[in-house]
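Quick note on labels: first sequence line is chain A, next is B, and so on, each numbered from 1.
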Amino acid sequence: MSSLQEASLPGILSGVIPSAFYEQSTLEIARQLLGKTLVVIPEGDESRATAGIIVETEGYVGPEDPACHAYVGRTRRNDIMWGPPGLAYVYFTYGNHWMINAVTGPDGYAAAALIRAVQPVLGVETMRDRRGLHLLKGKVEDRQLTNGPGKLCQAMGINGSYNGQPLTGPRLYIVETPLSLQLPPFEVVETTRIGISRGKDFPWRYYVKGNRYVSRL
DNA sequence: GGGCTGATTTGCT
DNA sequence: GCAAATCAGCCCG
């Protein structure tokens, strides 16, 4: 187990990343999101807020990327991705799972960075509860809560109602991780994306080297 | 630890 | 009608 203490909500929210951050290139953003913290505050239920340090991301770089949802053009499903940067693109797939992305690139251009894994720093018990693992407390490692894009959305309560929410709050935030919770200095591993059939040769997946919460090596 | 498979819904062709 | 930016459970070793 890690020695990280749980964070407090006000403490975490002191370093919100401004929306201008999301105007950079998608791959730059995907890489720079590593080590930052994702915070989710359910509407009307602050007691079930959760947060985790982002340790794995993938870039989906626009309509020319065959693995990007925008490849098929603008549709109702992917509409948010075409809008301004700094919003969350949340979508449902495989009949079971939600995924969360940060919309990147200029308004009118569709690209996003998928958040694939986080390391919990707030609300671990809430995550365990949402994942249905509360009965197995102590038997399931914390890493099983959020080491995959579908898992982290379930653990943090992210669903379609978050689609289009700004990443600058009030329900979703990406923040600079408070000093007391930061990861030790890390190297970034760059490799190919997971779970796709087209565009699989592009090295647009990034993760924190050696971090145990990464979905796979 | 690794490989295979069924679950289950939405959106697009 | 089918593929999908996945996961859990099961088998095997």
Reading DNA chain C from 5' onward, which residue's closest nucleotide shows up sooner: A/Arg198 or A/Pro149? A/Arg198
Whole-Å distance separating the [atom1] atom of [X] from the [atom2] atom of [N]:
| X | N | atom1 | atom2 | value |
| --- | --- | --- | --- | --- |
| A/Arg216 | C/dC7 | CZ | C1' | 13 Å |
| A/Leu152 | C/dA8 | CG | P | 12 Å |
| A/Glu56 | C/dA5 | CD | P | 16 Å |
| A/Asn159 | B/dT9 | CG | P | 16 Å |
| A/Tyr71 | B/dT13 | OH | P | 12 Å |
| A/Ile194 | C/dC7 | CD1 | P | 9 Å |
| A/Lys151 | C/dG9 | NZ | C1' | 12 Å |

Against the six-membered ring of A/Tyr207, is A/Arg116 placed for a cation-pi contact (under 6.0 Å from the centre, within 45° of the normal)? no
Axial cation check for A/Tyr60 ring with A/Arg193, 6.0 Å and 45° limits: yes
Apply salt bridge (charged side-chain N to carboxylate O under 4.0 Å, His left out) to A/Lys36 and list each qualifying residue two or more places apart in sequence or on a separate chain. A/Glu176
So, using salt bridge (charged side-chain N to carboxylate O under 4.0 Å, His left out) as the criterion, who are the partners of A/Glu46 when residues are at least two apart? none
Tell which nucleotide pairs with C/dT6, taking only Watson-Crick or G-U wobble pairs whose two distances are both under 3.5 angstrom. B/dA7
Looking for any heavy atom pair under 4.0 Å, which part of the strands does A/Leu114 touch: base, sugar-phosphate only, or nothing? base
Sugar-phosphate only, base, or nothing, as touched by A/Arg193 at under 4.0 Å among non-hydrogen atoms: nothing
side-chain contact (heavy atoms from CB on, under 4.5 Å) between A/Tyr91 and A/His69, worked out: CA-CA 10 Å; A/Tyr91 69 91; A/His69 287 171; 3.3 Å; yes
According to a strict under-4.0 Å criterion, is A/Thr75 in side-chain N/O contact with OP1 or OP2 of B/dC12? yes
Nucleotide nearest A/Val72 (side chain, heavy atoms from C-beta), chosen from B/dT13, C/dC7, C/dA4: B/dT13
Whether the A/Thr37 and A/Thr177 side chains hold a donor-acceptor pair (N or O, under 3.5 Å, no angle test) is what I'd like checked. yes
Can you confirm whether the side chains of A/Arg131 and A/Gln154 place a donor and an acceptor under 3.5 Å from each other? yes
Pull out every residue in residues 77-102 of chain A that has a heavy atom closer than 4.0 Å to any atom of DNA chain B, ordered by number, or say none. A/Arg77, A/Phe92, A/Tyr94, A/Gly95, A/Asn96
